[in-house]
A.B. asks: 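Take this structure first; my questions come after.
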2 protein chains.
Amino acid sequence: MPQKNTGTEELIKASAKRLLFAEGKLHATTQEIADAAGVSRTSLHYYFRSRDLLIAEVFQEAMQALSERLNACMESDKPFKGKLEFLIDVFLRDMASFPYQETFLVTQMNTLGKELVETIHSGPVKNFLEEVKSEMDLGNLKPMDPYLFLINLFSLLSYPLIMAPLYKQLFQLTDNAFSDLIGDRKKMILELLLNETDV
Amino acid sequence: MPQKNTGTEELIKASAKRLLFAEGKLHATTQEIADAAGVSRTSLHYYFRSRDLLIAEVFQEAMQALSERLNACMESDKPFKGKLEFLIDVFLRDMASFPYQETFLVTQMNTLGKELVETIHSGPVKNFLEEVKSEMDLGNLKPMDPYLFLINLFSLLSYPLIMAPLYKQLFQLTDNAFSDLIGDRKKMILELLLNETDV
DNA sequence: TTTTTATTAAACAAAAATGTCAAATATATT
DNA sequence: AATATATTTGACATTTTTGTTTAATAAAAA
């Protein structure tokens, strides 16, 4: 393992993430990853020993990052609606660059066991859920199980970007037509989830 | 290729679909598929010549089936709300048995080109979208681009089931707790999408 | 400059997955 | 029952992917 840091290790991980999360090549080979990083396949082994270890590391980092992103939004020092908007902004941006990240995580959890991740869970969710509950009591949100509110929120945020190729095909929409369609997703989501007419 | 029909060919396809769509093993090997079907790997080659051809056939069938399911719901002889409920029922049932079908389709479209599917598109969507528009004009639905209504609908239907393992982990929910949560999904979706309090 | 150390690469080895073929088994037909 | 045909299998071959080793290159330290 290297002691000096030339950035190659991070470059390889970043390239792997690009292939896996951005392009949706969920089983990119070591060769493809090395090519994407512009290094030889041997370097990949030098830094990570095996494909499995590289994938495991990428998985762990993605899981950790997701959890932290979630926490950062939910713990931010804002009123509820501000937190919500922050969360939407953050996750929409993330989905735009890495639409297949969640898909990767889930398929990994399916093929491998869940041993890898048993450490990870998002703490601040509970507090945020309390806030959601309060907002419902205040009549600002439709009353429902606060977990469902969150799941609905993430559904509306993520799914359209994950399944874009499928719906472009089924609905016969061009790339541009589709982009226009989901262009103001934030507004759409807020209108749907908040009990207001003007958000 | 066989002339008599002993069901083996269908059995192999069904087993492949179970692995791919139900268990989310998006790159099941020929051996795994053959094992799941209880036949030898050679039979798989006898019927499909190669893994690629088997996958292509499964892909095509799934795409076709999806499109037809969509059409059947949208063309059904019911008032709008009936169609909508029918569609929700059909797709929720489908998601319960094959949660990773859409994921498979999309990742295939990403790795392979889109040449395979250029024939497939859902015709009756356009008519249904007209109906959606009418309902909006009548004030029964929040006004928005009708395509967005559809995409929101599918998001709420599919995403929670696709990402179940991830959210169980992040929210620290048991299988039962999660099932309870999304138990009455239909009611939830209708409440969210329709401009009524009692659906 | 030489010596050490980190990094990369090319060649090779091993493993895993796919694909082929000839023979065996089962099924139907006469 | 004998023959023909459909189906399945086991053994082998090929290809693809992964992993290792050894030597070359580049960078830093002495």
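Per chain, numbering begins at 1; letters A, B, ... match sequence-line order. These values consider heavy atoms only, across backbone and side chains, with no hydrogens, waters or symmetry-generated copies.
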A.B. asks: Please report, rounded to the nearest Å, how far the P atom of D:dT7 is from the CG atom of B:L11.
C.D. replies: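 To the nearest whole Å, that distance equals 14 Å.
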A.B. asks: From CG of B:L44 over to P of C:dT18, roughly how many Å is that when rounded to an integer?
C.D. replies: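 Interatomic distance, CG of B:L44 to P of C:dT18: 9 Å.
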A.B. asks: Which heavy atom of B:A177 sits nearest to which heavy atom of B:T174, and what is that distance?
C.D. replies: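 That closest heavy-atom pairing would be N-OG1, 3.0 Å.
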A.B. asks: Could you check if a side-chain atom of B:Y100 sits within less than 4.5 angstrom of a side-chain atom of A:N110, using non-hydrogen atoms only?
C.D. replies: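 B:Y100 vs A:N110: side chains touch.
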A.B. asks: Going by ring pair (Phe, Tyr, Trp, His ring centres under 6.0 Å), name the pairs with one or both residues in residues 133-153 of chain A, residues two or more places apart or in two chains.
C.D. replies: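 Residue pairs passing ring pair (Phe, Tyr, Trp, His ring centres under 6.0 Å), neighbours aside: A:Y147-B:F171.
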A.B. asks: Are B:Y47 and D:dT8 close enough that a side-chain N or O sits under 4.0 Å from OP1 or OP2?
C.D. replies: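 Checking D:dT8 against B:Y47, a side-chain N or O does come within under 4.0 Å of OP1 or OP2.
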A.B. asks: Measure centre to centre between the rings of B:F104 and B:F21, then say whether the value is under 6.0 Å.
C.D. replies: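 Yes, the ring centres sit under 6.0 Å apart.
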A.B. asks: Could you pull out all residues at least two apart from A:E57 that satisfy side chain to side chain contact (heavy atoms under 4.5 Å, CB included)?
C.D. replies: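 Side chain to side chain contact (heavy atoms under 4.5 Å, CB included) list for A:E57, sorted by chain: A:E9, A:K13, A:F48, A:E61.
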A.B. asks: Who are the side chain to side chain contact (heavy atoms under 4.5 Å, CB included) partners of B:R41, not counting sequence neighbours?
C.D. replies: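 Result, side chain to side chain contact (heavy atoms under 4.5 Å, CB included) vs B:R41: B:T30, B:Q31, B:A34, B:H45.
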A.B. asks: When you measure from the side chain of A:T8, which nucleotide among D:dT9, D:dG19, C:dT8 comes out closest?
C.D. replies: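 Nearest to the side-chain atoms of A:T8, counting from C-beta on, is C:dT8.
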A.B. asks: CD1 of B:I55 versus P of C:dG19: gap in Å, rounded?
C.D. replies: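 Rounded to whole Å, this separation is 11 Å.
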A.B. asks: Can you tell me the distance, in whole Å, between the CZ atom of B:R51 and the P atom of C:dA16?
C.D. replies: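 Rounded to whole Å, this separation is 17 Å.
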A.B. asks: Would you say B:K83 has more than 12 foreign heavy atoms packed within less than 6.0 Å of its NZ?
C.D. replies: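 It does: B:K83 NZ has more than 12 such atoms within range.
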A.B. asks: By a strict heavy-atom criterion of less than 4.0 Å, which residues belonging to residues 23-32 of chain A are in contact with DNA chain D?
C.D. replies: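 Per residue number, the list reads A:T29, A:T30.
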A.B. asks: Can a side chain N or O of B:Y46 be found less than 4.0 Å away from OP1 or OP2 on D:dT8?
C.D. replies: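 For D:dT8, neither OP1 nor OP2 has a side-chain N or O of B:Y46 closer than 4.0 Å.
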A.B. asks: Rounded to the nearest angstrom, tell me the gap between atom CG in B:D35 and atom C1' in D:dT8.
C.D. replies: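 It is 15 Å, rounded to the nearest whole Å.
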A.B. asks: Rounded to the nearest angstrom, tell me the gap between atom CD1 in B:I33 and atom P in C:dA17.
C.D. replies: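 Rounding to the nearest Å, CD1 of B:I33 and P of C:dA17 are 12 Å apart.
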A.B. asks: To the nearest angstrom, how far is B:F48 atom CZ from D:dT8 atom P?
C.D. replies: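 Distance check: B:F48 CZ to D:dT8 P gives 11 Å.
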A.B. asks: Output a table of nitrogen or oxygen pairs between the protein and nucleotides 20-23 of chain D separated by less than 3.5 Å.
C.D. replies:
none

A.B. asks: For the pair made of CG in B:D52 and C1' in C:dT18, what is the distance, rounded to whole Å?
C.D. replies: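 B:D52 atom CG is separated from C:dT18 atom C1' by 10 Å.
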A.B. asks: Does a salt bridge link A:E85 with A:K186, judged by any charged N lying under 4.0 Å from a carboxylate O?
C.D. replies: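 Salt bridge present between A:E85 and A:K186.
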A.B. asks: Taking only side-chain nitrogens and oxygens of A:S43, does any of them come within less than 4.0 Å of OP1 or OP2 of C:dT7?
C.D. replies: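 Negative; the distance criterion is not met.
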A.B. asks: Sequence neighbours left out, cut at 3.5 Å: what donor-acceptor pairs do the side chains of residues 92-99 of chain B make with other protein atoms?
C.D. replies:
{"unit_1": "B:D94", "atom_1": "OD2", "unit_2": "B:R69", "atom_2": "NH2", "d": "2.8"}
{"unit_1": "B:S97", "atom_1": "OG", "unit_2": "B:R93", "atom_2": "O", "d": "3.3"}
{"unit_1": "B:S97", "atom_1": "OG", "unit_2": "B:D94", "atom_2": "O", "d": "3.3"}

